[in-house]
Amino acid sequence: MGRLMGNMGYKCSIIMCLVVNFVFSQGVSEVFPVQAREAVILSSNATVFVVGEELYYKFYGLVGGNLPSSISKLGYVELLSSGKEKLFSHKLKLDNGVAHGDFFIPTNVKTGHYKLIAYTKWNSKSFFQKDVFIINPYTAGNAVEKDSSNNNFVEIASITEKNSLLTANKAPQSIIKTDKNSYSLRSKVVLQIDNGTKELPHGHYSLSVRKINPIQVLNKEDLKSTTIAQTSRKALPEIRGEIISGTVKSKQDNSVVPNKIVSISFPGKNYIYKNSITDSSGKFYFNVLENYNDTNALVQLSDKNKENYRIVLDDNGFQDYGELTFEKVKLDPNIKDWILRESIYNQIESAYYKTKRDSIVAKQLPSVFYGEASVDYVLDDYKRFPSLRETFIEVVEKAAIRGENGGFKFKVFDYEEKRSNRFSELEPLVLFDGVSIQNADAIIDYDAGRIERISVVRGIYFYGPSIFNGIIDITSKKGDFTLMANGDNVVKLKLSAPEHLKLHDRPNYSDIKRELDRIPDYRRQLLWEPNIRETKQLDKLEFYTSDVEGVFEILLEGYTLSGKQFYSKSYFDVENKL
């Protein structure tokens with residue numbers, strides 16, 4: 001919606017508002033039958049980790065026949081402890097059902113058995129779970145003492161011989177080859193497609209190159225990832241973006257209240273502002289398509305009698321984990337040296353983190369929803385006045401602050417100010433860093449020295465279910481305006497933003513670049529490429545070994561666009577040949 005001029009425009013816009021709200025109120029099962037609900041698969045770079053390592057994962061949202069799903073636009077990944085505590089909870093923006101992320105395992109995480117959980121809001125009948133084991137050499141945590149008689153445990157034991165190590169990880173021949181079978185430290189590895197293979201089918205894949213741990217997990221019958229059924233829960237599919245919802249209720253009798261305007265603000269320099277109207281059940285919904293950073297959103301009721309109502313936000317968090325089974329973890333004494341070595345490697349890598357950090361891909365933050373303002377007042381271009389009220393009197397020509405009924409109101413001078421205007425009694429939308437201002441008295445004495453600009457949109461403006469007589473958009477210099485308001489009709493909501501995409505660091509030890517020669521390199525994860533889609537991406541892949549010797553595994557896995565699961569492994573050695 002936006003600025004509309006003329007009677008025909010007004011009528012058409014009102015009809016469109018009604019149609020949109022009618023369609024949104026329909027049952028989503030009419031659009032997406034139960035059979036179309038998504039399955040979620042999650043792959044990770046390992047199963048056993050030592051604190052100080054990175055856990056990398058790839059998220060796949062699939063529909064019938066393992067086809068890439070375009071239904072949900074958001075996916076969720078969590079790592080749970082045996083006490084159902086969340087070590088991390090990631091929100092992911094999905095591209096045709098696919099996303100990826102990572103988590104650095106800090107040293108305060110205890111030794112134990114953990115569950116990697118993945119789901120979308122639309123696969124509400126089930127969720128994906130995968131076993132993960134974490135070893136912390138500094139704390140015992142959920143570990144079993146070696147003299148314990150408790151038989152209900154998972155044991156992490158050693159594989160001593162190199163041949164046994166390869167046998168334990170034996171897999172079908174891979175289509176991915178390396179230019180050599182054995183490499184020295186800090187030498188270049190070139191990946192290539194097997195000449196006997198036509199090519200990798202188009203699809204979504206992840207590629208991991210990681211040192212094989214000389215350990216194995218015992219007494220755990222099924223380490224395979226599984227999908228767990230839950231009790232029924234109602235959730236709308238996030239087919240356009242993140243859904244934030246709630247209900248407006250009467251304070252007098254707790255009844256639901258229809259036809260009330262509710263707004264949400266993600267405040268700041270690049271703010272998001274949306275509004276919605278409650279349906280016959282008192283429900284309201286916001287679809288958030290835009291990118292945002294971690295924020296405290298503000299949900300407000302826009303009504304002259306708002307003190308008579310309260311907002312109850314829906315708990316869209318995921319808690320129904322069913323019967324997850326966690327085991328105690330027993331550590332074989334023979335892996336003591338391996339744990340010590342891994343711990344030292346991790347500490348050294350952490351010490352040089354600043355020279356090896358990943359690059360974060362900047363998000364494209366939203367621009368103002370109304371497009372171009374009718375007029376912008378950049379206050380540094382004018383003489384400064386102490387308060388916002390004085391600034392409106394002396395600087396702002398196309399809008400004003402007027403006294404009314406013992407208080408103050410904002411006004412935008414309309415294009416049709418001198419004509420008959422059926423919307424002349426409507427008030428403007430007033431935003432301060434994206435926060436809706438319904439009481440002008442709260443800000444008229446605000447320090448104008450902290451304000452960067454005042455933008456004015458003239459004319460009648462249709463936005464969602466609301467009609468405004470213009471817009472006044474106030475922007476502070478720091479984007480840090482806070483609404484000093486309390487009550488059941490104003491609710492603050494802390495939101496975590498979807499994860500940033502990253503470009504993972506990949507050192508280059510070519511002859512030209514010598515600045516890394518004195519930087520230790522104890523990476524065991526030599527490569528993580530989570531977004532492989534076609535063969536030509538593999539032909540270009542080059543990476544370098546580190547200062548770590550051993551057998552390394554190349555694992556390529558994912559799904560073709562026709563829904564076929566693909567899985568392939570190969571190996572190479574790294575030795576100190578000096």
Side-chain angles (χ1 to χ4, degrees), residues 1-6 9 13 263-275 290-293 295 298 302 362-402 408-418 421 423-424 426-464 466-483:
M1 296 298 177
R3 257 174 296 192
L4 296 174
M5 303 302 297
S13 183
S263 69
I264 187 169
S265 300
F266 294 64
K269 283 280 190 181
N270 299 98
Y271 68 80
I272 300 171
Y273 171 80
K274 295 178 179 290
N275 58 14
E290 301 87 348
N291 291 322
Y292 64 89
N293 296 317
T295 187
L298 200 66
S302 301
K363 296 177 181 177
Q364 183 178 354
L365 295 175
S367 54
V368 291
F369 64 91
Y370 54 78
E372 187 175 348
S374 303
V375 59
D376 276 314
Y377 300 94
V378 180
L379 298 192
D380 280 346
D381 295 341
Y382 301 85
K383 179 183 176 180
R384 285 283 186 171
F385 293 90
S387 69
L388 182 64
R389 180 184 179 188
E390 291 169 286
T391 300
F392 265 79
I393 293 172
E394 302 293 343
V395 176
V396 181
E397 296 179 349
K398 305 302 181 185
I401 297 176
R402 294 282 189 258
F408 294 91
K409 283 192 175 183
F410 285 95
K411 178 179 178 61
V412 173
F413 298 125
D414 194 356
Y415 290 108
E416 299 186 0
E417 191 72 26
K418 296 181 180 180
N421 184 351
F423 296 107
S424 59
L426 293 176
E427 296 183 5
L429 170 63
V430 181
L431 299 173
F432 202 142
D433 287 342
V435 176
S436 174
I437 303 299
Q438 300 180 46
N439 179 11
D441 296 32
I443 64 171
I444 60 170
D445 294 322
Y446 189 87
D447 180 7
R450 299 171 60 185
I451 296 175
E452 179 180 291
R453 70 172 63 223
I454 299 172
S455 302
V456 177
V457 177
R458 302 176 68 194
I460 303 303
Y461 198 95
F462 292 76
Y463 190 61
S466 301
I467 308 174
F468 301 105
N469 196 346
I471 299 174
I472 298 173
D473 189 4
I474 305 168
T475 305
S476 69
K477 291 181 177 179
K478 295 184 178 180
D480 59 353
F481 173 77
T482 301
L483 182 67

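Here the side chain of Asp441 pairs a donor or acceptor atom with the backbone of Phe408 at under 3.5 angstrom.
Here Tyr292 pairs with Phe266 under the ring-ring contact (aromatic ring centres under 6.0 Å, His included) rule; sequence neighbours left out. Listed by chain and residue number, nothing satisfies the side chain to side chain contact (heavy atoms under 4.5 Å, CB included) test with Asp445 (two or more places apart in sequence, or in another chain). In terms of the salt bridge (charged side-chain N to carboxylate O under 4.0 Å, His left out) criterion, residue partners of Glu452 (sequence neighbours excluded) are, by chain and number, Lys269. Contacts of Asp381 classified as salt bridge (charged side-chain N to carboxylate O under 4.0 Å, His left out), with partners at least two apart in sequence or in another chain: none. Asn293 pairs by the side-chain hydrogen bond (donor to acceptor under 3.5 Å, both in side chains) definition with nothing, not counting sequence neighbours.
Once rounded to the nearest 0.5 Å, the distance linking CD1 of Ile443 with CD1 of Ile451 reads 7.5 Å. Going from atom CG of Leu365 over to atom CG of Asn291 covers 6.5 Å, rounded to the nearest 0.5 Å. In this structure, the separation between CD on Gln438 and OG on Ser263 is 6.5 Å, given to the nearest 0.5 Å. Distance OG/Ser466 to CD/Glu427: 12.0 Å, rounded to 0.5 Å.
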task: Take Ile272 and Ile264 through the test side-chain contact (heavy atoms from CB on, under 4.5 Å) and record every step on the way to the result.
output: CA-CA 8 Å; Ile272 300 171; Ile264 187 169; over 6 Å; no
message: Between Val456 and Phe413, is the side-chain contact (heavy atoms from CB on, under 4.5 Å) condition met? List the steps.
response: CA-CA 10 Å; Val456 177; Phe413 298 125; over 6 Å; no
- request: Check the pair Arg450 / Asp480 against side-chain contact (heavy atoms from CB on, under 4.5 Å), numbers first and verdict last.
  value: CA-CA 10 Å; Arg450 299 171 60 185; Asp480 59 353; 4.0 Å; yes
message: As a quick check of understanding, evaluate side-chain contact (heavy atoms from CB on, under 4.5 Å) for Val412 and Ile471, giving each step before the final call.
response: CA-CA 7 Å; Val412 173; Ile471 299 174; over 6 Å; no
Review item, side-chain donor-acceptor pairs of residues 389-402, under 3.5 Å, at least two apart:
unit_1, atom_1, unit_2, atom_2, d
Glu390, OE1, Ser387, N, 3.3
Glu390, OE1, Ser387, OG, 2.9
Thr391, OG1, Ser387, O, 2.8

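Crowding of Lys477 atom NZ: a count of heavy atoms from other residues, nucleotides or ligands under 6.0 Å exceeding 12.
Screening Tyr370, Phe468, Phe369 for a ring-ring contact (aromatic ring centres under 6.0 Å, His included) involving Tyr463 leaves a single residue, Phe369. Considering Asp473, Thr475, Asp376 in turn, Asp376 is the only one that fulfils the side-chain hydrogen bond (donor to acceptor under 3.5 Å, both in side chains) rule with Ser455.
Summarising the geometry of Val435 relative to Ser265, their closest heavy-atom pair is CA-OG, 3.6 Å, with the distance given to 0.1 Å. Summarising the geometry of Phe432 relative to Tyr446, their closest heavy-atom pair is CZ-CE2, 3.5 Å, with the distance given to 0.1 Å. Pairing each heavy atom of Arg384 with each of Gly449, the nearest pair is NH1-CA, 4.0 Å.
Side-chain contact between Tyr273 and Ser436: present, with at least one pair of heavy atoms (C-beta onward) separated by less than 4.5 Å. Between Leu429 and Val457 there is no side-chain heavy-atom pair separated by less than 4.5 Å. Using a 4.5 Å heavy-atom threshold, the side chains of Phe481 and Ile474 count as separate.
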